[in-house]
Protein chains: 2
Amino acid sequence: MPRKPTLAQVAALAGVSKMTASRALRDAGDVSASARDKVQAAAQTLGYVGDRVATALSAKTTNLIGVVVPSLSNIVFAQVLAGISDGIADSGLQPVFGITGYDSDTEAALLRDMLSWRPAGLIVTGLDQPDATRALLRQAGVPVVQIMDIDGDPVDGCVGISHDAAGADMARALLAAGRRRIGYVGAHLAHDTRAAKRLAGFRAALADAGTALVASRLTGAPSSVASGRDLTATLLSHHPDLDCIYYSNDDMAIGGLFHCQSAGLDVPGQLMIAGFNGLDLVESLPVGIATTVTPRHEIGRRAAQMIAAAAPAVSLARVSLTPRIVLPGQTPRNRPLGGTRS
Amino acid sequence: MPRKPTLAQVAALAGVSKMTASRALRDAGDVSASARDKVQAAAQTLGYVGDRVATALSAKTTNLIGVVVPSLSNIVFAQVLAGISDGIADSGLQPVFGITGYDSDTEAALLRDMLSWRPAGLIVTGLDQPDATRALLRQAGVPVVQIMDIDGDPVDGCVGISHDAAGADMARALLAAGRRRIGYVGAHLAHDTRAAKRLAGFRAALADAGTALVASRLTGAPSSVASGRDLTATLLSHHPDLDCIYYSNDDMAIGGLFHCQSAGLDVPGQLMIAGFNGLDLVESLPVGIATTVTPRHEIGRRAAQMIAAAAPAVSLARVSLTPRIVLPGQTPRNRPLGGTRS
DNA sequence: TTGAAAGCGCTAACAC
DNA sequence: GTGTTAGCGCTTTCAA
């Protein structure tokens, strides 16, 4: 296998020094038009590719951006990755990803691995890392953006929504829609801290209105349509008089809807179903369910842009986006997503 | 900000040479127990992290593995990424991802960017790259695994299923289930070559049985539940006598089912719906639809393992996995996924 | 078992 | 505008 051509070979062929070749290929500094042309022609004929590793060592920075998410079995984080991919378009950055499986030791190990590449930045899911991990991030010396959540204390930058407020808003919307006997079905709350925050906000808003959850069913497993369906069946068998169920997310809620369809229940007349995320799927369901539409793609895109734009050692903004509640029968308002910066 | 400690500092603190420190930290070569302990203690006190960029430049290889997929709006490729993440566990590899948006120029540019990092390997979706891209991959000098598809000529390694056979098998299964007036609803066939291969196989098997598609509806947009729903509505309004519709994938099929539920059609009695992929969601639907269960996670996992195990300059195997057809009302057989190697 | 020397391929910094 | 010098932090190679 022929060795890959190096900058030195390009320079030799073009009859200039390595530095001139380097500058010509990077559009850096002043290079005469003739030198530039010769270098580019030489690079072309040799099929020169450039070596990012050497560049990184010399320039002490890479174009890699580390992305850590808890899971990819759920479409939500895949859409965040798609948003990140969009956000770094034209910036030359390349995303490296890791999946924690909602395990904080795995998360810390992944972050350490990523930091050994001296990435241009790090995007991490959530605000609730253990102290040791927070310290790691703080000392990393690279821009860090925590995503999805803003209820807490970010290490540096942060883009997300308030899950506490989202839960409370949904509770108020369901009460306003006349629902009174409300149950809850959730998954993975011990690990999914954002779902737990939504439930806490939901409960608090019910309490403010002088009421409370009638009953709930939880699973320790990750959320899925199947477990939403099963838990709904058991919840309704014990509490057939519920007129509303709030779910930890849309996957669970869709499972609940499927149970109701099989059982011949009238949704939303008899029972209103409320999820979270606003998956595309929800819009096409044959019967309406309530949900909170979250800007997943936008969160990823903004986080990536913050890192792309971050001057080294500048602290980053906290961006709070606003989700949108949709109730059954309600035509989705195509209001653009709001955003505030602090 | 204190500069990050280097190997030289660790070595100095341990009272050994850089080389001994390097060997001790990597478990490479023979190092005395006492030297090893001193080095590890020194690394610990300094909080030494190591610099993969320098390692890569010196050792001429990285632990990065490039992954190129067409989209992440569809859960299928997210599950492939999750499989890759599983497959490289404990191998020390880190995945860099890129999204092509089904555009071959974007794909070529992404691959070029990735190759400039001298990755340990490349995982690329599909077998139908343009010649220039194939040449790029062939000359890359790194292990390449093409995934999802095996109907074609791989550049190097390959893990996937035969989409042509999957389409043909579904046609035969639907005919065997007594369906005769069959329609087709598809999306994005110009870009999604695998969906096009399934349709070709489906048509060929119908022709073998002396029949043909009654009608079809196509969209140039990517697949979605919403477009499956819309196209099904128009197809059935022109051809209300269809007894079966084959869809380009489960998302489209689920949209079709939702239309039928809204329209009060009996599924599968009056109309059988057949998708592709076997999304988890399908198992929980209130009415049965047919699908082909594909081993997405397994494809990702195997591809990653092939690269992790690849000695440089060894050619890789072609792994053909077998999908499984499920018809409505049929209890899914939990037969383990087969696999053959050639 | 250990160490010294010599780079890996590139760019920052400074001269010319 | 262009070239020279000196590394970036590590590992390979070879000698001790």
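Everything numeric in this text was worked out from a predicted model, so none of it was measured. We name chains A, B, ... by the order of the sequence lines, and we start the count at 1 in each one.
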Q: Do Ser22(B) and Leu7(B) touch side chain to side chain, with heavy atoms closer than 4.5 Å?
A: yes
Q: If you define the side chain from C-beta out and look only at heavy atoms, does anything of Met114(A) sit under 4.5 Å from Val67(A)?
A: no
Q: On DNA chain D, compare the nucleotides closest to Thr20(A) and Asp51(B); which residue's is nearer the 5' end?
A: Thr20(A)
Q: Just how far, in rounded Å, is C1' of dC10(C) from CD of Gln9(A)?
A: 14 Å
Q: Run the side-chain hydrogen bond (donor to acceptor under 3.5 Å, both in side chains) test against Arg134(B) and tell me which residues pass, sequence neighbours left out.
A: Asp153(B)
Q: Take the angle between the ring planes of Tyr102(A) and His191(A) and call it parallel below 30°, perpendicular above 60°, tilted in between.
A: tilted
Q: Given side chains that start at C-beta, do those of Leu81(A) and Leu72(A) come closer than 4.5 Å, heavy atoms only?
A: yes
Q: Taking CH2 from Trp117(A) and P from dC8(D), how many angstroms apart are they, rounded to a whole number?
A: 19 Å
Q: Rounded to whole Å, please give me the gap between CG in Asp37(A) and C1' in dG1(D).
A: 15 Å
Q: Is it true that Arg52(A) and Ser116(B) share a donor-acceptor pair across their side chains at a distance under 3.5 Å?
A: yes
Q: Applying side chain to side chain contact (heavy atoms under 4.5 Å, CB included), can you list everything that pairs with Leu110(A), at least two apart in sequence or on another chain?
A: Val68(A), Thr100(A), Thr106(A)
Q: In this structure, how many angstroms lie between the C1' atom of dC8(C) and the CZ atom of Arg118(B), rounded?
A: 7 Å
Q: Taking any heavy-atom pair under 4.0 Å as a contact, classify Val53(A): base, sugar-phosphate, or nothing.
A: nothing
Q: Produce the list of close N/O pairs, under 3.5 Å, pairing protein atoms with atoms of nucleotides 11-13 of chain D; give distances to one decimal.
A:
from, atom 1, to, atom 2, distance (Å)
dT11(D), OP1, Arg26(B), NE, 3.4
dT11(D), OP2, Ser22(B), OG, 2.5
dT11(D), O4', Ser58(B), OG, 2.4

Q: Measure from NZ on Lys38(A) to P on dG1(D) and round the result to the nearest Å.
A: 15 Å
Q: Atom NZ of Lys60(B) and atom C1' of dG7(C): how far apart are they, to the nearest Å?
A: 9 Å
Q: With heavy atoms under 4.0 Å as the rule, sort Ala28(A) into base, sugar-phosphate or nothing.
A: nothing
Q: For Arg36(A), answer base if it contacts any base atom (sugar-phosphate contacts may also be present), sugar-phosphate if it contacts only those atoms, and nothing otherwise; contact means non-hydrogen atoms under 4.0 Å.
A: nothing
Q: How long is the line joining CG of Asp30(B) and C1' of dT2(C), in whole Å?
A: 11 Å
Q: Taking the nucleotide of DNA chain C with the nearest heavy atom to each, does Ala35(B) or Leu57(A) sit closer to the 5' end?
A: Ala35(B)
